[in-house]
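Below is one structure; the comments refer to it alone.
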Amino acid sequence: MTKFEALGLQKSLLDAVADLGFETPSEVQEKAIPILLESETDLVALAQTGTGKTAAFGFPLIQKIDSNSRTTQGLILSPTRELCLQITKEMQAYSKYERNINVVAIYGGASITDQARQIKRGAQIIVATPGRMKDMISRRLVDISKIDYCILDEADEMLNMGFMEDIKDILSNTPNEKSTWLFSATMPREVSVIAKKFMHSPQEITVGAKNSGASTVQHEYYVVGGRDRYPALKRLADTNPDIFSVIFCRTKRDTQKVAENLIEDGYNAGALHGDLSQNQRDLVMNSFRKRQIQMLVATDVAARGIDVDDITHVINYQLPDEIETYTHRSGRTGRAGKSGISMVLITRSEQRKIRAIEGKINQKFELKKVPSGSEICGIQLHHLANKIKDTETNSDIDSYLPAINEILEGIDREELIKKLISAEFTRFSNYYNKSKDLNSSDNGRERGERSERSDGRRGGETPTSGSVRYFINIGEKDSYDWMSLKDFIRDTVGLDQDDVFKVDVKESFSFFNTDAAVTEKILSTFTEFKVDGRFVNVEVSKNPGGGGGGKRRSGGSSFGGGGFKGKRNGGGRRDDDRGASKGRSRERGKSESPNSGKRRSQQRKGDFF
Ligand code: ADP
Ligand code: MG
């Protein structure tokens with residue numbers, strides 16, 4: 001008997017479970033499914049984002065529906081159109097082996113007549129956003145007076161978005177004797193109000209600690225000058241070439257602006273906010289799901305309920321006003337048991353806010369340094385070398401080869417490699433060499449001096465203070481990714497959670513950093529150290545820069561990396577950190593044009609120069 005079978009699910013649903021590849025029920029599923037199947041009860045289930053709440057209510061609902069009747073029996077309310085569609089799709093997948101179960105989605109921004117027509121054909125289950133649902137009720141296009149089950153999904157988010165009145169209104173059109181199941185990541189006061197008012201002695205399930213963020217999320221903050229947010233953001237992206245992220249801004253205007261700047265600077269970015277038409281929002285979300293957009297810049301409202309797995313980073317470009325909102329933001333990553341990083345860019349005066357969030361979510365933030373230009377160059381160099389290695393050769397070149405060979409004749413392999421890398425890298429390193437230290441510190445140099453004196457060199461020639469970078473001879477081909485390698489090193493050496501950082505996994509080797517204090521411990525542990533009969537060797541890396549962490553992405557944000565295999569939206573990258581101080585715009589003029597112009601043309605050609 002499988003674990004899902006033990007929960008009491010019928011055969012047709014177990015077949016669907018098998019098709020979905022679910023092997024073990026998540027905690028909330030394990031707790032909720034039997035209760036919901038066995039009794040007619042109200043339920044309040046609190047579980048963080050990404051814990052599988054949809055299936056926790058979806059399977060019991062389908063099992064309890066009478067498919068011989070076409071009456072609407074179940075109503076699922078969810079905060080956003082995106083989520084509504086997602087739940088509908090999941091419900092359809094769960095019920096694929098049921099005969100005659102219709103699940104219909106109802107949401108704003110699409111034809112109400114089409115939706116009404118679908119309802120008319122008979123929908124036992126309706127998944128709806130509150131606004132459109134209310135609209136359809138008042139136009140008598142739906143009848144929910146006979147439902148047996150009402151599910152409030154992501155209740156906290158619905159209430160956050162101001163749907164309280166709509167929900168009350170909708171519920172007043174449903175029969176008293178139905179069961180109400182409320183699912184939520186957090187339990188703010190408004191949710192308790194709804195529970196008290198509309199539910200009858202609900203059973204309660206809590207998974208994990210109430211109100212706490214997902215433990216799979218690591219929280220980091222970076223202290224920068226207020227005008228350095230944008231350049232810092234770029235560096236974070238450049239340090240994580242595989243980034244797949246949501247970037248939160250506070251206003252629609254900032255959201256649009258940051259996205260536009262990123263696109264202009266050559267990143268795969270997109271904006272999601274309320275001023276966009278539904279159609280535009282759909283396009284953006286589709287590109288994001290397909291990974292054509294790697295950096296989705298969004299407002300809190302627009303991002304509610306974004307339900308995309310595998311988001312590696314959430315970046316708080318600005319902190320939200322409400323701590324509750326931070327929980328929602330960071331919950332976009334670390335879903336479905338995966339780990340993720342939530343990064344916060346703050347100014348010095350905001351540091352106390354970090355303490356406040358820590359208290360509330362009961363987790364520690366790590367203070368991190370914005371990587372220096374030379375660290376980023378190190379990462380990007382490795383990235384470039386790997387890209388060259390992984391590039392499939394293009395036979396279209398063949399006919400030109402004799403001529404090319406003639407030009408390159410007499411250059412030996414080593415020299416050729418140097419030239420090849422330099423051709424791309426010099427432009428990049430010119431940019432970062434002239435870049436300053438973006439970290440804002442209390443005891444550091446005076447702020448006014450910063451942009452003049454420290455542009456570039458600082459942190460360039462000198463290794464980052466107290467941190468040592470290592471080379472290790474295992475990598476992707478030994479089935480490590482940055483997370484598992486970090487765990488491996490930490491567990492093997494016996495270090496703490498955050499001692500190993502900037503883990504950068506290549507195909508057959510990797511890099512990582514630790515504090516200089518544990519170098520001896522690292523090196524002695526990995527002396528004559530074998531795994532599966534093979535020596536695992538660690539050396540202090542000669543590469544002065546380096547950094548990273550996060551998986552490599554195929555698109556690459558630098559070097560015209562898009563030219564290798566990824567796709568990029570924008571044209572060339574600007575050779576300047578935006579929003580930087582005035583003294584720097586001088587430098588921009590110097591180095592801008594060669595890079596941007598060239599990159600644009602590279603991209604179209606799709607080969608690597
Ligand atoms: P929540 O609503 O709690 O935020 P979801 O229901 O959206 O979470 O589930 C998050 C992801 O986890 C989805 O991609 C879903 O398909 C997947 N998932 C859910 N349950 C399981 C399971 N038992 N095993 C594996 N994956 C699961
Ligand atoms: Mg959900």
Side-chain angles (χ1 to χ4, degrees), residues 2-9 13-34 36 43-62 76-96 103 105 107 127-129 151-161 181-187 191 205-217 244 246 285 288-289 291 303-311 314 327-340:
T2 67
K3 282 206 168 171
F4 273 102
E5 215 173 331
L7 301 180
L9 292 177
L13 295 177
L14 293 172
D15 289 345
V17 166
D19 285 0
L20 284 160
F22 295 180
E23 277 168 12
T24 19
S26 69
E27 196 180 337
V28 68
Q29 291 161 2
E30 201 154 28
K31 287 183 171 165
I33 292 174
L36 296 177
L43 175 82
V44 171
L46 297 181
Q48 287 143 18
T49 311
T51 49
K53 293 193 286 297
T54 318
F57 64 75
F59 282 116
L61 180 61
I62 292 166
I76 302 167
L77 289 176
S78 95
T80 64
R81 168 200 173 92
E82 281 79 22
L83 210 49
C84 174
L85 286 166
Q86 184 107 12
I87 294 169
T88 307
K89 245 172 56 199
E90 293 250 324
M91 296 296 287
Q92 284 162 348
Y94 302 163
S95 60
K96 69 192 268 200
V103 186
Y107 48 88
V127 188
T129 54
I151 291 120
L152 304 173
D153 190 28
E154 317 271 351
D156 52 352
E157 299 208 355
M158 283 201 285
L159 297 174
N160 261 335
M161 291 174 72
W181 305 343
L182 183 151
F183 285 77
S184 188
T186 59
M187 190 75 179
V191 176
I205 294 173
T206 305
V207 171
K210 268 188 198 177
N211 276 339
S212 76
S215 61
T216 41
V217 179
F244 181 55
V246 184
M285 276 312 295
F288 188 55
R289 285 208 180 87
R291 310 293 177 100
R304 289 269 151 76
I306 287 182
D307 196 357
V308 175
D309 290 340
D310 299 327
I311 289 172
V314 162
T327 315
H328 288 301
R329 287 182 176 187
S330 58
R332 298 296 148 229
T333 185
R335 296 172 62 81
K338 306 216 174 71
S339 58

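All ligand and atom numbering here is 1-based and tracks the order in the structure. Side chains included, hydrogens not; waters and symmetry mates left out as well; all remaining heavy atoms used.
- For atom 1 (P) of ligand 1, the nearest non-hydrogen atom from the set Ala93, Ser78, Gly50 comes from Gly50.
- Against a heavy-atom cut-off of under 4.0 Å, Thr54 is close to the following atoms of ligand 1: 2 (O), 5 (P), 6 (O), 7 (O).
- Between Pro25 and ligand 1, no pair of N/O atoms sits closer than 3.5 Å.
- Minimum-distance N/O/S atom of Glu154 relative to the Mg ion (ligand 2): OE2.
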Under the side-chain contact (heavy atoms from CB on, under 4.5 Å) criterion, do Leu7 and Glu30 qualify, and how do the steps go?
CA-CA 7 Å; Leu7 301 180; Glu30 201 154 28; 4.1 Å; yes
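- Of the N or O atoms in Gly52, one or more lie within a sub-3.5 Å distance of an N or O in ligand 1.
- A search for salt bridge (charged side-chain N to carboxylate O under 4.0 Å, His left out) contacts involving Arg291 returns Asp310, not counting sequence neighbours.
- Considering backbone and side-chain atoms together, Gln29 places an N or O closer than 3.5 Å to an N or O of ligand 1.
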Tell me, with the steps shown, if Arg81 and Met285 meet side-chain contact (heavy atoms from CB on, under 4.5 Å).
CA-CA 11 Å; Arg81 168 200 173 92; Met285 276 312 295; over 6 Å; no
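- Counting heavy atoms under 4.0 Å from ligand 1, residue Phe4 touches it through the side chain alone.
- For the pair Phe183 and Leu43, the minimum side-chain heavy-atom distance is below 4.5 Å.
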side-chain contact (heavy atoms from CB on, under 4.5 Å) evaluation trace for Thr80 with Glu157:
CA-CA 9 Å; Thr80 64; Glu157 299 208 355; 5.8 Å; no
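- Listed by number with element, the atoms of ligand 1 under 4.0 Å from a non-hydrogen atom of Ser26 are 23 (N).
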Evaluation steps, side-chain contact (heavy atoms from CB on, under 4.5 Å), between Ile62 and Met91
CA-CA 8 Å; Ile62 292 166; Met91 296 296 287; 3.9 Å; yes
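- Residue contacts with ligand 1 include Glu90, since one or more of its heavy atoms lies under 4.0 Å from the ligand.
- The distance from ligand 1 to the heavy atoms of Gln48 drops below 4.0 Å at these ligand atoms: 3 (O).
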For residues 13-20, run the donor-acceptor check on the side chains, cut-off 3.5 Å, and write out each pair with its distance to 0.1 Å, sequence neighbours left out.
{"residue": "Asp15", "atom": "OD1", "partner": "Lys11", "partner atom": "NZ", "Å": "3.0"}
{"residue": "Asp15", "atom": "OD2", "partner": "Lys11", "partner atom": "NZ", "Å": "2.8"}
{"residue": "Asp19", "atom": "OD2", "partner": "Lys96", "partner atom": "NZ", "Å": "2.6"}
{"residue": "Asp19", "atom": "OD2", "partner": "Tyr97", "partner atom": "OH", "Å": "2.4"}

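- Using the six-membered ring where Trp is involved, Tyr94 and Phe59 have ring planes that are parallel, under 30° apart on the 30 and 60° scheme.
- Contacts between Glu154 and ligand 1, counted as non-hydrogen atom pairs separated by less than 4.0 Å, involve the side chain only.
- Listed by number with element, the atoms of ligand 1 under 4.0 angstrom from any heavy atom of Thr24 are 22 (C), 23 (N), 24 (N).
- Atom numbering of ligand 1 starts at 1 in the shown order; those under 4.0 Å from a heavy atom of Thr51 are 1 (P), 3 (O), 8 (O).
- Between Asp153 and Ile76, the closest heavy-atom pair is CB-CG2, 4.4 Å.
- With atom 25 (C) of ligand 1 as the reference point, the heavy atom nearest to it among Phe57, Phe22, Phe183 is part of Phe22.
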